[in-house]
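Scroll down for the structure; my scribbles are underneath it.
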Amino acid sequence: MKMKLIILGAPGSGKGTQTSRLKSMLNIPAISTGDIFRNEIKEGTELGKRIKKYLDSGQLVPDEIVIEVIKGRINQPDCKNGFILDGFPRTLEQARALDEIVKIDACINLAVPKEIIVKRLSARRTCRNCGEVYNLLVLRPKVDNICDKCGGPLYQRDDDKEEVIEERFRVYEKQTAPLLEYYRQRVPVITVSCNSVDAPPELITNRIIDGLKKLKLIS
Ligand code: AMP
């Protein structure tokens, strides 16, 4: 089934975790601009060198760079049957550019209070090798500091450290939060709230799946 989804939510609201779960359940590729950028930096590419300063400081990468990257990715053959976008769009300009490339079927909105997010972000660990995301509070790896999926080492992203978290929040409130209203006026929005620090990720996934069923996007 073709399904083009975006997932919105503050940094640390669980977008990455939910995207990774939905990707396997719905069998569509997950596209995370954050993962793409971290990979470019790790590989030391020209693009990686240009964008490192933004990621390090919690600022957004300039729109024209992000839009170019996402256009290239969405045009790959594996996206023909749909996709889920995680971390894009993050500004109104990006949302407008996306509208010109594809028609989005639904927007998933993860509503999580800030105090829960700050606790979660400081407990987040990421696989250096494959990018899989863990959480020391709710989603621990089977073996400490080792990725369940690929055996790679887990690390704490520099931007998950307390100093940068605050800045990412400010950027989110100012530049990304207004997107919710933009999408409410254009596509069905599935809002799932999470009000506890240790809500199991599968509970949230089930609510998203219910929302997609109600919209008849899946049966
Ligand atoms: P994320 O993994 O989604 O939290 O993204 C990590 C960082 O990558 C962000 O703090 C930004 O510096 C950059 N980034 C990711 N996606 C975007 C985007 N759509 N627009 C601008 N910057 C982005």
Side-chain angles (χ1 to χ4, degrees), residues 4-23 29-43 45 47-74 79 83-102 104 107-110 112 114 117-118 120-135 139 154-180 182-183:
K4 300 188 175 79
L5 304 173
I6 59 177
I7 185 159
L8 292 181
S13 57
K15 295 191 297 295
T17 304
Q18 293 306 323
T19 302
S20 154
R21 297 175 59 84
L22 291 168
K23 165 190 161 159
I31 303 173
S32 153
T33 38
D35 282 352
I36 296 176
F37 293 151
R38 278 185 290 280
N39 202 44
E40 295 283 336
I41 294 173
K42 191 173 86 179
E43 301 286 324
T45 63
L47 174 62
K49 285 179 196 148
R50 273 162 71 202
I51 60 179
K52 186 173 185 308
K53 59 175 184 286
Y54 301 107
L55 276 89
D56 283 350
S57 62
Q59 300 297 317
L60 294 186
V61 172
D63 285 333
E64 58 278 14
I65 299 182
V66 193
I67 291 167
E68 207 51 47
V69 165
I70 207 83
K71 266 190 190 158
R73 182 63 189 88
I74 285 180
C79 289
F83 49 75
I84 173 161
L85 296 181
D86 159 22
F88 181 93
R90 258 181 161 95
T91 64
L92 281 170
E93 188 163 336
Q94 291 177 17
R96 291 190 190 110
L98 181 65
D99 279 347
E100 289 182 7
I101 317 172
V102 286
I104 294 297
C107 167
I108 299 160
N109 170 39
L110 299 179
V112 187
K114 185 177 169 189
I117 285 185
V118 173
R120 275 213 206 145
L121 278 180
S122 350
R124 173 153 83 178
R125 298 293 181 272
T126 306
C127 174
R128 205 176 273 288
N129 185 40
C130 74
E132 188 67 14
V133 175
Y134 296 85
N135 188 290
L139 202 65
L154 304 187
Y155 78 114
Q156 182 176 38
R157 279 167 46 175
D158 282 340
D159 62 348
D160 281 345
K161 300 192 171 143
E162 242 173 278
E163 323 75 90
V164 189
I165 290 177
E166 278 301 321
E167 180 56 19
R168 287 168 67 205
F169 254 103
R170 268 193 294 278
V171 169
Y172 169 77
E173 290 290 343
K174 188 159 170 250
Q175 309 204 63
T176 309
L179 286 186
L180 190 54
Y182 178 89
Y183 281 107

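These values consider heavy atoms only, across backbone and side chains, with no hydrogens, waters or symmetry-generated copies. Each ligand, and each atom within it, is numbered from 1 in the order the structure gives.
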Using a strict 4.0 Å cut-off to heavy atoms of [X], name the atoms of ligand 1 that fall inside it.
X	result
Phe88	19 (N)
Arg157	1 (P), 2 (O), 4 (O), 6 (C)
Gln94	18 (C), 19 (N), 20 (N), 21 (C)
Gly87	16 (N), 17 (C), 18 (C), 19 (N)
Arg168	4 (O)
Thr33	15 (C), 16 (N), 17 (C), 19 (N)

Counting distance only, does the side-chain N/O of [X] pair as donor-acceptor with the main-chain N or O of [Y] below 3.5 Å?
X	Y	value
Lys15	Ala10	yes
Lys42	Arg128	yes
Asp86	Ile7	no

May I ask you to identify the nearest protein heavy atom to [atom], giving residue, atom name and distance to one decimal place in Å?
atom	value
atom 9 (C) of ligand 1	Arg90 NH2, 3.9 Å
atom 22 (N) of ligand 1	Val61 N, 3.0 Å
atom 11 (C) of ligand 1	Gln59 O, 3.5 Å
atom 23 (C) of ligand 1	Phe37 CE1, 3.8 Å

Does one side chain, of Tyr54 or Asp159, offer a donor that lies under 3.5 Å from an acceptor on the other?
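Their side chains do not contain a donor-acceptor pair, so the 3.5 Å distance test is not met.
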
Under 3.5 Å side-chain donor-acceptor pair for Thr45 and Glu40
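On atom types as modelled, these side chains qualify, holding a pair under 3.5 Å.
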
Ligand 1-proximal atoms of Val66, by part, heavy-atom distance under 4.0 Å
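For Val66, only side-chain atoms sit under 4.0 Å from ligand 1.
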
At their closest point, which heavy atom of Ile117 faces which heavy atom of Pro11, and how far apart are they?
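Taking Ile117 first and Pro11 second, the nearest heavy atoms are CG2-O, 3.0 Å.
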
Sequence neighbours excluded, which residues qualify as salt bridge (charged side-chain N to carboxylate O under 4.0 Å, His left out) partners of Arg125?
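Salt bridge (charged side-chain N to carboxylate O under 4.0 Å, His left out) check on Arg125 returns nothing, list empty.
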
How about CD on Glu68, more than 12 heavy atoms from neighbouring residues, nucleotides or ligands closer than 6.0 Å, or not?
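No.
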
